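Notes to accompany the following structure.
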Amino acid sequence: MKENLLIVWTNGDIEVANKFPLLYSSVILEREYWKTAHLMLWGPSILLAKNNPQIQEQLKKIQKTGVKMSACVVCVEDYDAVNILKELNIEIIHTGELLTKALKNDTWAVMTI
């Protein structure tokens, strides 16, 4: 049974960010939609996290609900966002490993935005 959710957020559009991955992520654990949740930043979503203080505050609030977060190490380095993401307590990893593990595991649902 799928009880864990991985949201792969790649879109760099602020309206998309606010109206779906950030909004949904902010309520999914407290409403018990999922047992665990993980928001993965990949590509242009990292630029939003780096450059937008409002997005940064939303990410902090989401983390307080228990949602784990990570970001693509290659993208973070390409966008020169290492320091800011570390300040936001977003784990910088090889995201392909986590994504592949989740895709192969029957307890995980994976959603890409």
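For the numbers below, each heavy atom of this structure counts, side chains included, while hydrogens, waters and symmetry mates do not. Bear in mind the structure is a predicted one, so any value in this text is a computation, not a measurement.
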Specify the closest pair of heavy atoms between A71 and T95, including all atoms of both residues, with the distance to one decimal. C-CG2, 3.5 Å
In one Ile/Leu/Val/Met/Phe/Trp/Tyr side-chain cluster, 4.5 Å: L6, V27: no
Straight-line distance of C72 SG to I46 CD1, nearest 0.5 Å: 5.5 Å
Qualifying ring-ring contact (aromatic ring centres under 6.0 Å, His included) pairs with a residue from residues 37-96, counting only residues at least two apart or across chains: none
Between atom CG of N89 and atom OG of S70, what is the distance when rounded to the nearest 0.5 Å? 13.0 Å
Rounded to the nearest 0.5 Å, what's the gap from CG on L88 to CD1 on I62? Could you check? 11.0 Å
Please identify which of these residues, E57, Q56, Q63, meets the side chain to side chain donor-acceptor pair (under 3.5 Å) condition with K60. E57
Only one of V67, V8, L5 clears side chain to side chain contact (heavy atoms under 4.5 Å, CB included) with L39; which? V67
Using the rule that two of Ile, Leu, Val, Met, Phe, Trp, Tyr join whenever any of their side-chain heavy atoms come within less than 4.5 Å, decide whether I14 and I84 are in one cluster. yes
Any residue meeting side-chain contact (heavy atoms from CB on, under 4.5 Å) with Q58, in chain and number order, not counting sequence neighbours: N18, L22, Q54, I55
Would you please name every residue forming a side-chain contact (heavy atoms from CB on, under 4.5 Å) with K86, sequence neighbours left out? V82, I92
Just wondering, are more than 12 heavy atoms of other shown residues or ligands nearer than 6.0 Å to NZ in K19? no
Would you mind listing every side-chain hydrogen bond (donor to acceptor under 3.5 Å, both in side chains) that reaches into residues 96-108, with sequence neighbours excluded? N4-T107, N105-T107
With sequence neighbours left out, write down each residue that passes side-chain contact (heavy atoms from CB on, under 4.5 Å) with F20, or none if nothing qualifies. Y24, M111, I113
Are I28 and M40 connected in the hydrophobic side-chain network, where two residues link if heavy atoms are under 4.5 Å apart? no
Closest approach of G43 to C75 (non-hydrogen atoms, all atoms of both residues): N-SG, 3.5 Å
For D13, the side-chain contact (heavy atoms from CB on, under 4.5 Å) test, sequence neighbours excluded, returns N11, E15, V16
ILVMFWY cluster, I93 and L59 together (side-chain gap under 4.5 Å): no
Provide the closest heavy-atom pair for L48 versus A17 in the form atom of the first, atom of the second, distance. CD1-CB, 3.9 Å
Is the shortest heavy-atom distance from the side chain of T10 to the side chain of S45 under 4.5 Å? no
Are V74 and L85 co-members of a hydrophobic cluster defined by side-chain heavy atoms under 4.5 Å apart? yes
For a quick test of reading the model, state the closest non-hydrogen atom pair linking S25 to I7 and the distance between them. OG-CD1, 3.5 Å
Please name the pair of heavy atoms, one in G66 and one in L29, separated by the smallest distance, quoted to 0.1 Å. C-CD1, 3.4 Å
